[in-house]
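Numbers restart at 1 for each chain; the letters A, B, ... are given by sequence-line order, proteins then strands.
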Amino acid sequence: MTTATDTQLPQGIGRLSRGWIAFFLGAAVLFAFGIVGYIYEQGQGMVATGMRDLGAMQGATWGLYIAMVVYFIGVSFAGVTVAALIRLFDIEKLKGVARMAEVLTIVALVLGALAILVDLGQPLRGIVNLFRYGRPQSPFFGTFSLVVSGYLFASLVYLYVTSRPDAARLAQRPSRLQGLYRWIAAGWEDTPEQRAKDRRVTFWLAITILPLLVVAHSTLGFVFGLQVGRPGWFSTLQAPAFVTLAGVSGIGHIIVLAAIVATVLKAKDRIRLDAFIWLGRFLMVLLFVYLYFTIVELLTTMYQPTEHEKVLSDALLRGEYAWIFWGSLAGLAIPALMLAWMALTRHWRVSWLVVASILVNLAAIGKRYLIVVPSQTHGQLLPYGIGSYSPSWVEYAVVIGLFGLGALAIGAFMKLFPIIELEEGEA
Amino acid sequence: MKRSTIVTWTMIAVGVVLMVVSYFFLATPWCNTAVECSNPRVPFAPAIFVLGVLIAFSSAVYYAVAKD
Amino acid sequence: MARYKMVVDLDRCQGCRACMEACKVENNTPAGVFWMYVFRFEQGEFPDTSISFLPRPCQHCNNAPCVKVCPTGARYKREDGLVLTDFERCIGCRYCEVACPYGVNYFNWRKPDHAFDDYKMDFSDPDLVAFTGGVVPPYRNPDHDVKHGPEGRLTSGSGHFKGVMEKCTFCVHRVEKGLVPACVDTCPVGALRFGDAEDENSPISVFIREHESFQLLEELGTDPSVIYVGGAPPSTESREIERPMTRV
Amino acid sequence: MVAVTRRSFLKGSAAVGGGVLASDFLFGGLETLRKTNKVLLADQLTEDYVHTTCWIGKQDCGMRVRRIDGRPVKLEGLAGHPRNDGTLCPKGQAQIISFYDPNRVKTPLIRTNAKGEPGAWRRASWDEALDLVATKVKEVLEEDPKLVLWQKGRSKAKDFYDDAFVKALGCSKLGHGAYCSDTGYRAVEYTVGLHGVLHPDLLNAQYVLSWGWNITNAGGNKFCWITWPRQMLDAMENGLKIVHIDPRLRPAGPFADRWVPIRPATDLAFALALIHELIAQGYVDRPYLTTYTNAPYLVGPDGLFLRDEEDTPLVWDETTRRAVPVGTADSPALEGTYTVDGAEAKTAFELLKEHVASYTPEWASEICGIEAEQIRRIATEFGEHARIGSTVVVDGVEVPYRPVGIMAYHMAQQELGFQALRAMCIVPMLVGAWGAVGGQTADFTWKVDKNYAAFEELKVEEPPYDFTLKNSKFFPINSGFPGIVAKVMQDPERYEVDKLPKVMILHHVNPVVSFASQPDFLEAYKKLEFVAAITPWMSETADLFADVVLPCATIEKYEGPISATDGYIDAVTLRLPPMEPLLESRGEIDIYMDLSERIGVLYGEGGYLSVVNEGLGLTETEFALSLEEKPTVREIFDRWSKAQGLEGISYFEQNGVLVKGAISPTKRYGYVTDPPFGGAVHRLYGESLLKAQRMQQEMGADLIYWQDYTPLPTWREPTMWSSPADYEFTLITYKLVEHKQSRTTTVPLLAELSGPQRLEMNATVGRAKGFEDGDEVVVESHNALTGETRRLKTRIRLIEGIRPDVVGMPHHFGMWSHPSSQGLGPTPNEIFYTGEGYMGATADASFHVRVRVFKE
């Protein structure tokens, strides 16, 4: 597969190692599993999922898919934030993770959009009708116009603009991808004027994206937070808590991705420990803020709950969702303590960070699930009785497939373009 | 001013104007009690809104790529 | 322009669920789906026990949460008070369903050709098809194949699309013919009433004026068009007994 | 719009081209392509409405059928019909799906495998199937017509089925009443002479004892569910109070002013205590009792009436102070002990007083498990509300006004049911409420049933007996009980029966599932040589035992005539076919005419057609059917319609119902009929019961058969109470508004609405036993006489509105042949018993048994 010229490209671009092929095939299998699940769902109708109607049918009409929408969009948050911060404040030690953060954002957003699509009863119609009839009064308007369209497009633009210098460098040497690089570079000559212009563009883009991102995530919080009819949802804390947990899961993803990339590409010199430390500290701060929100919300609901809030909090604290609730809380508290310990002792270890990051992401999925589901099964204001929901194999398959697709995308990207920004002379 | 700067600002302006104007083409948020409230006042207004977002951000690409 | 309201007289309701069944047949709703639902509640402990009934159609709120959250305007409110769903516009996001505090929305989980499978009646039986022409269900109401109202949208009936949201329509197809909804029409004990509340002298306006009434979950400010007379709103003590088979 | 001809259909998805696809995509239509296989084009269809009468339940509500191109799509209530006035219950609405039930029996079927196991069948032509049945029937008719047994579950045109066919054949017949409320019928026929159980003049009532009346789910005497609740709600607006006497609260819904959670099978004790209290508190209508009842009759020391030479009973004339024949006394004494011809004689009322002296509220409190104070208060309220002595003018006629009464029906089916109902008849009798405005009655007019006279002398004959044990020493009063027939078929020697039925025609009946004590039927019906079943779907009994199944139509046929009265307005109607019978099914009248023809009993005097003429009142009128020619069913009803003074059957086709007008008070109120109460003397004292008991004893019948033949209702403990103490619950059954018997579980819309079988148990008791709502439990019944136990499994439902010592199950479900009925759980009939100890003294079913409940 490899040609002589390709070997010239840095970071293993264009060279398909056995490990990479195995990884790629593995991810493809997961993705294929998701496709099978989705085809089955389309064949049967959404009865193939575990979701059912609220009320007399005693189900939850939003389930794992919507939880994953919230989760994926949350993950995207951190990517672009970190990338923007790096560019804005020129944090040199983080330069190595900037691009992977950008890629992560885009992949997570696409997965989030796909998760919405698989949740729609009429997906094709959804694509058309949202743009044809979309109503600003629906919090979904924000979700598709700002989050998916604006934010995703802005992130793509951002990635593109920051990729041009690398593309120009790669375009200088012969390879099968040379044409692509030349196209991406689009006339980049690395002149001081161009650099200055580039800095200006990325600065202003970062400035625009950051508030857009807060607004976008808040509208996602509003999807739930504006519903008076659902105990557990109607809360002003929904939006800030959404954004914070989004940061937690996203930073966690960057840490994991950075650790993998550093190992696989043998690039520990490019992504150094102090990058991990910076990310770890950031993660720690967000974690404590989020734990604070959680405690505040818990105390508020427990202090003087309405009868309906009580049913819900009982289900969360000691009922059928207790294992997810306490599991998630542990998945947040333990990493918080691990990070605090490392911060206090100043003894940072990447492996611990990775463990903490995986834990917070599992916890984040758990928390998203708990936001979406219990308010439906245990939050009926009329005495319908307690409902139940558990995802069917189809939903698990589709979610696994989405992760598989994400892995495929990132894996493919790594073989096409440097996942770590090139240093002077690297190429 | 350079031509590219003008075009860039024009793109941003067009994008923002599209967003703002199309916002008023959408279904009115305060109206819930009539059939008309369920339709945008101009067909495909949400698409125009999104188009505005896209044009505004595309300006960055244009600005970066444009040869002076 | 009329302004339709429904009155549920809890002093007369026997909880018989004829309204649920009439709705089912009139609107051809699939298995497990009850646009009109009647709660049967029990309160208290033996022997100080009480029983109560509560019919629950769509409340056709004047300040409808489902209309607000619909991203495409498929769920809309008409000037005559009916809250309807445009089946040709709905994208199946089910946001209206989570927004509704009354639990009145029903999604088409099954595809239409399997919507009646749970009934274990093979409507494609050749002997039967020779007579029915293969229509599913064989008692299918053709009123649902036409568009309603000045807005000309496909809004009545059930189960003819996959993956869209449905709910009680106050029988828009009947109301537009000058009939009352199927549930009201069949109620054997006169517990359901329907009419134009804008006309101050209409029987329903007079009835509402002359009786004490309440709305379900009044405190949420949804302002339902369904008015309850007699009895009491369900309390947190109300336990539902005798549920139909509603899970598909 | 594509032009299509009427009755043509557009295929949904196939005919869509690429351009359409693209525009559909852009304009949101892509996924709206209708996935139902056919789409109706509304503007191409014709809509019409036809009239008919509901078939699914008991009271035959008027219906309007909406049809699209002749295909019924909706059933609606017929406005102006006295019984349902434009409304329908859930059953009425749901049966539309059964019009198109592909699981109905499509063609006549002939069995190809051995009986006793689920049937293997071959399709047959009507000719072949009818010939086969006719041949078998003829064979046995020649031997002994009584060995052909026609058994019915429901009959919607008595004149054509129960009467014409049975009489033309001269065969035996067996009804379903012994499972319904026949105990009550016998008690009321015996006591006041009316053919019915108990209901008040509801629209005018002020205080009603709802005695096991399942207000919100079931009908009651004469009517199904719709009419009674409508009348009750209207009466409640005029102040009617409801006292709900039932182990479960649910039947009364929110409508009970007082709930008396009585222990099952103790209704007799409760009624006796009420009698005790009413007498003690002085609520006694003396003029009524002395004039219209046998209360003043003098009873000798032997328990029999004193009579003169002409056999006329004697009363004590207080004016002349001597015993005189009834009817000749100026002022007959109601109470007292007198010496007549040297012997001591008491009035029947005096005997009643002495009889109930010990039946105090405290005594009943122990037995019934309710507070004595509650019994006392109900007696007081009943007495007060009765307004003894008052009258009211109705349509210009002055009638006594006693706005109190009892509503009771199926609760009669218990071991002590006959005497319990006798006692319950005496309660309104004491206050003179029978036949009064707002008071007690059992029918809409005061036509005295033929049983009233027959019960004056009960026949107890020497064996051998026929297989129904009619006139036997076992059951001097005999409702005709399939349960005891099943017992007899298993052991004829024990009951001294010499001949068993050989051929059976099952008319809409499914004994295996619908009748209590399933194992007895599974055993007994094996003995039948030949069984033909007339049924719309494969009943379990047909599946196991039928040789031939003849598919009959449900609603889609001519049937009648059908009373449409609501008790206040007289009306009559017919059942008209809203469509052709489904597939190859046929109306029963067609089937019986063809069968009679093949058997050779259709034509001529005494034949099927002549009995039909008689039944329809056509004999010797210009509309009489020819006895030489087979008419169409429509023609028969056309002639009958003309005989009613109408232009013909088209009247019903156009109007649905013939409303004749209000029933006059002189027909409705017993006090003012001519003669009063139809001429029947109300039997407070049951002299003939005592005579029967003595004959039974003389012929050597066991105590269990004669112990309840007492002249005054006498309490004893029910047999089931001697089951061991760990059988701690009494199982009762009840009706759901969504169902009628088991058959409606073939209607999937109704099964969906009702949910599956369940066992209701008091929540506190259930939780103490470790049960949670929805747990699967075993219910094991115990037969106190034989020690046999039977089991079923079902899911538990914990509720508060039920006595702690009672568990309840709906009496529906348990069918397994029809796909829609499957998986809904068992019928409690699987674990009930029949025969001694588990039936009434009048050969009637009891639906009580002691059970224990546990998790496996």
D:I802 portion near chain C, given a 4.5 angstrom heavy-atom threshold: backbone
Side-chain donor/acceptor of D:E752 to backbone N/O of C:G32, under 3.5 Å: yes
Side chain to side chain contact (heavy atoms under 4.5 Å, CB included), paired with D:L749, selected from C:M121, C:M20, C:K24: C:K24
Option that, when pairs with chain C are counted at under 4.5 Å, heavy atom only, ranks first among D:A751, D:C61, D:S820, D:G77: D:S820
Structural part of C:R17 lying under 4.5 Å from a heavy atom of chain D: both
Contacting moiety of D:V737, where chain C heavy atoms sit under 4.5 Å: side chain
Best-contacting candidate, D:I96, D:D85, D:I226, D:L233, against chain C by heavy atom pairs under 4.5 angstrom: D:L233
Residue D:L75 versus chain C: region with a heavy atom under 4.5 Å: neither
Within 6.0 Å of CD in D:E371, more than 12 heavy atoms from elsewhere: no
Residue part contacting chain D, namely of C:C13, when any heavy atom lies under 4.5 Å: backbone
Heavy-atom contact with chain D under 4.5 Å, split by part of C:A31: both
Contacts with chain D made by residues 163-177 of chain C (heavy-atom distance under 4.5 Å), listed by residue number: C:R174, C:K177
Any side-chain donor near an acceptor of the partner, D:Q93 and C:T186, under 3.5 Å: yes
Whether D:W259 and C:F46 hold their rings parallel, tilted or perpendicular, with breakpoints at 30° and 60°: perpendicular
Side-chain donor or acceptor of D:N103 paired with backbone N/O of C:K120 under 3.5 Å: yes
Which atoms of D:M579 approach chain C - backbone, side chain, both or neither, heavy atom under 4.5 Å: side chain
Interface moiety of D:P819 toward chain C, non-hydrogen atoms closer than 4.5 Å: both
Whether D:R230 side chain and C:P188 backbone form a donor-acceptor pair below 3.5 Å: yes
Gap separating the CG atom of C:N141 from the CD1 atom of D:I68, nearest 0.5 angstrom: 6.5 Å
Part of C:V184 lying under 4.5 Å from any heavy atom of chain D: neither
Contacting region of D:R67 [heavy-atom separation from chain C under 4.5 Å]: neither
Euclidean distance, C:I51 CD1 relative to D:L249 CG, rounded to 0.5 Å: 4.5 Å
Basic-acidic side-chain contact under 4.0 Å: D:E800, C:R239: no
Top contributor to chain C interface from D:N84, D:D234, D:T227, D:L798 [non-hydrogen pairs under 4.5 Å]: D:D234
Pairs of heavy atoms under 4.5 Å with chain D: top-ranked of C:E45, C:H114, C:E242: C:E242
Results of side-chain hydrogen bond (donor to acceptor under 3.5 Å, both in side chains) for D:Q231 - residues two or more places apart only: none
Check: C:E21 side chain, D:L750 main-chain N or O, donor-acceptor pair, under 3.5 Å: no
Which portion of D:T746 sits near chain C, non-hydrogen atoms under 4.5 angstrom: backbone
Side-chain heavy-atom pair C:F53, D:P254 within 4.5 angstrom cut-off: yes
CZ-CD distance between D:F255 and C:Q14, expressed to the nearest 0.5 angstrom: 4.5 Å
Contact winner vs chain C - D:K91, D:E738, D:R758, D:R66, heavy-atom pairs under 4.5 Å: D:R66
Contacts of type ring pair (Phe, Tyr, Trp, His ring centres under 6.0 Å), residue C:F41, not counting sequence neighbours: C:F39
Side-chain heavy atoms of C:C16 within contact of D:W225, under 4.5 Å: yes
Proximity breakdown for C:N28 and chain D, heavy-atom pairs closer than 4.5 Å: neither
Side-chain touch C:R140/D:V73, heavy atoms, less than 4.5 angstrom: no
D:L583 vs C:F131 side-chain heavy atoms within contact, under 4.5 Å: no
Residue list, ring pair (Phe, Tyr, Trp, His ring centres under 6.0 Å) with C:Y228, at least two apart or on another chain: C:F214
Which atoms of D:E580 approach chain C - backbone, side chain, both or neither, heavy atom under 4.5 Å: neither
Sidechain N-carboxylate O distance under 4.0 Å for C:D143, D:K74: no
Straight-line distance of C:L128 CG to D:K106 NZ, nearest 0.5 Å: 7.5 Å
C:E42 versus chain D, the contacting section by heavy-atom distance below 4.5 Å: side chain
Worked verdict on C:D185 versus D:R64 for salt bridge (charged side-chain N to carboxylate O under 4.0 Å, His left out): CA-CA 12 Å; C:D185 186 61; D:R64 199 168 163 255; over 6 Å; no
Contacting moiety of D:N762, where chain C heavy atoms sit under 4.5 Å: side chain
Electrostatic pair D:R123:C:D127 at N-O distance under 4.0 angstrom: yes
Pair C:V25-D:E76, side-chain contact (heavy atoms from CB on, under 4.5 Å): steps then yes or no: CA-CA 10 Å; C:V25 174; D:E76 292 175 355; over 6 Å; no
D:I370 versus chain C, the contacting section by heavy-atom distance below 4.5 Å: neither
Side chain, backbone, both or neither of D:L88 within contact of chain C (heavy atoms, under 4.5 Å): both
For chain C, the option from D:I799, D:V747, D:N217, D:T87 that forms the most heavy-atom pairs under 4.5 Å: D:T87
Atom pair CZ (C:F123) and OH (D:Y100), whose distance is rounded to the nearest 0.5 Å: 10.0 Å
